[in-house]
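Before any comments, here is the structure.
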Amino acid sequence: MSGPLLKVENLTKHYPLGAGFLKKPFSVVRAVEDVSFSVDAGETLCVVGESGCGKSTVARLLMRLTDPTGGRVLLEGTDIAGLGKHELRAWRRRMQMVFQDPYSSLNPRLTAGQIITEPVQNFEHLSRKQRNALAADLLQKVGMAPEMMHRLPSELSGGQRQRLGIARALSLKPSLIIADEAVSALDVSVQAQILNLLLDLQQQMGIAFVFISHDLGVVEHIAHRVAVMYLGRIVELSPCEALFARPVHPYTEALIAAAPVPDPTRVRLEAPVEGEVPSPINPPSGCTFHPRCPLAVDRCSIEVPRLVPMADGRVVACHVRAPVPDSPVSPACHGKTMGTLVVPLCR
Ligand code: SF4
């Protein structure tokens with residue numbers, strides 16, 4: 001296969017609210033706006049942002065659990081956003097999902113073995129012996145004893161349930177797994193075990209991950225690249241190391257500054273932005289971050305910034321930090337203080 005495993009182009013999702021005269025919606029929730037990215041085989045792309053930024057909607061759109069309003073989702077070159085129900089079923093084998101709440105995503109009446117083998121049986125008939133062998137193999141792969149195949153989800157711990165969810169996702173040998181806040185409901189020590197398990201499986205099986213998370217500690221541990229979302233749009237997409245070493249977008253900078261630091265000797269930077277994420281029903285004009293941005297200039301409330309490629313391989317959407325090369329010089333090209341951070345502009 002040449003090219004990326006997954007390519008997302010201009011993905012958009014609007015939810016109409018209410019229906020008035022001639023079924024015209026009263027208003028629209030702009031959950032995802034013009035999102036584009038790609039994921040290579042064996043790569044982990046993390047999508048981060050505050051709650052309500054649209055990251056979980058992106059996960060649902062990738063899995064076609066909801067239909068997009070616009071844009072394309074190309075998996076191995078085929079646009080799955082445009083497939084009919086029957087064709088989509090075959091493509092679902094290649095893409096699986098791990099959910100945030102392991103308990104509610106597992107059928108409480110099925111045993112662990114039945115849960116693992118159920119997806120495969122949707123595609124091919126397996127004898128009892130084959131089912132047991134498959135369940136035992138996958139349970140071992142995720143670090144559980146094969147005998148646990150006879151247990152119900154209620155007889156497992158939170159970490160074991162999430163391992164079971166991962167084993168179910170692996171049963172169809174997918175090339176891509178979408179993990180939506182897959183460790184956020186777990187204790188910290190169990191989180192670390194599950195993250196290490198995912199990394200091991202990626203190395204052994206070459207699986208790509210789209211990992212949705214609000215936890216920057218988790219993201220820094222597992223991501224190859226990170227997409228930062230704000231109010232439905234990607235504002236910065238960068239190699240992981242570069243993003244944490246030198247965030248460029250003011251929102252990325254604020255997220256990293258606000259993240260807890262597990263080191264009592266390190267002085268925590270003051271979070272440079274305040275306030276809530278605005279409503280996606282009536283988002284601010286221009287750059288939607290401008291009401292909270294300490295660097296905002298006049299242009300920010302008028303014009304939506306485009307994602308501009310930078311020398312170190314990242315793309316950033318900001319009129320001040322990443323001006324479009326052929327546009328006039330940024331109107332506020334001088335240093336500015338953000339809380340305790342002194343921010344050099346126009347690098
Ligand atoms: Fe802030 Fe303007 Fe950049 Fe948006 S475009 S992040 S408002 S400086």
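In this chain, numbering begins with 1 at the start of the sequence shown. Counting starts at 1 for both ligands and their atoms, following the listed order.
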So, E124 and R93, do they make that salt bridge, N to O below 4.0 Å? yes
Over 60° means perpendicular and under 30° means parallel, so classify the ring planes of F289 and H249, tilted if in between. tilted
Could you check M229 against V47 for side chain to side chain contact (heavy atoms under 4.5 Å, CB included), going step by step and ending with a plain yes or no? CA-CA 7 Å; M229 283 189 74; V47 183; 3.7 Å; yes
Those protein residues which place at least one heavy atom below 4.0 Å from ligand 1: H249, P250, C287, F289, H290, C293, L295, A296, C300, C318, H319, V320
In terms of side-chain geometry, is the basic nitrogen of E9 or K7 positioned less than 4.0 Å from the acidic oxygen of its partner? yes
Shortest non-hydrogen contact from E236 to R314? OE2-NH1, 2.7 Å
Hey, is R246 close enough to D312 for a salt bridge, meaning N to O under 4.0 Å? yes
